[in-house]
Amino acid sequence: MEDYTAEMIKDMAFSFCPQCGTAIIPNHKGRPRKFCSPECRSRWNNTHPKPENWKTVRSKICPVCGREFSYRHQYGLERKYCSRACANRGRGKEAKDAAVEY
Ligand SMILES: [Zn+2]
Ligand SMILES: [Zn+2]
């Protein structure tokens, strides 16, 4: 580990670790790092849910029972009903002639 003065670190620092505030110096590969250490990264991730996960949580009104429910939007699948029971009832209404799965 080379000896950097505080002044040098200030000039070189790409950013500061959001977990502990340590100045982060880009490594020689030039890849910007967000955290000073893997420990800080996992600590941060444990206390801060990822914003991309917030986006995937949707809330909807169930068309069968009228209750509001929230669900996680994944793999492009839309959830339409709050529960399986409502899904069965809703699908039954949508396609009267279709065979009902039980
Ligand atoms: Zn840190
Ligand atoms: Zn429902």
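Each ligand, and each atom within it, is numbered from 1 in the order the structure gives. No experiment lies behind these values; they were computed from the predicted model shown.
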Peer 1: With Trp44 as reference, evaluate Pro18, Cys17, Cys20 under the side chain to side chain contact (heavy atoms under 4.5 Å, CB included) test and give the passing residue.
Peer 2: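 Single side chain to side chain contact (heavy atoms under 4.5 Å, CB included) partner of Trp44 among Pro18, Cys17, Cys20: Pro18.
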Peer 1: Stepwise, does the side-chain contact (heavy atoms from CB on, under 4.5 Å) test hold for Arg79 with Phe69?
Peer 2: CA-CA 10 Å; Arg79 250 188 80 176; Phe69 66 98; 4.2 Å; yes
Peer 1: Which protein N, O or S atoms lie under 2.8 Å from the Zn ion (ligand 1), given by chain and residue number?
Peer 2: Cys17 SG, Cys20 SG, Cys36 SG, Cys40 SG
Peer 1: Can you count the protein N, O or S atoms that lie less than 2.8 Å from the Zn ion (ligand 2)?
Peer 2: 4
Peer 1: Mind checking side-chain contact (heavy atoms from CB on, under 4.5 Å) for Ser83 and listing every partner two or more places apart, or none if nothing turns up?
Peer 2: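 Counting only residues at least two positions away or on another chain, Ser83 forms a side-chain contact (heavy atoms from CB on, under 4.5 Å) with Ala85, Cys86.
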Peer 1: Taking only residues two or more places apart in sequence or in another chain, which ones pass side chain to side chain donor-acceptor pair (under 3.5 Å) with Thr47?
Peer 2: none
Peer 1: Identify the two heavy atoms, one from Pro63 and one from Tyr81, that lie closest to each other, and give their separation to 0.1 Å.
Peer 2: CG-CE2, 3.5 Å
Peer 1: For the atom pair OH (Tyr71) and SG (Cys82), what is the distance rounded to the nearest 0.5 Å?
Peer 2: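 So the gap between those two atoms works out to 12.5 Å.
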Peer 1: Measure the spacing between CD of Gln19 and NE2 of His48 and express it to the nearest 0.5 Å.
Peer 2: 7.5 Å
Peer 1: Can you tell me how far CD of Glu68 sits from OG of Ser59, rounded to the nearest 0.5 angstrom?
Peer 2: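 These two atoms lie 4.5 Å from each other.
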Peer 1: Which value, rounded to the nearest 0.5 Å, describes the distance between Arg33 atom CZ and Ile24 atom CD1?
Peer 2: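 Going from the CZ atom of Arg33 to the CD1 atom of Ile24 covers 6.5 Å.
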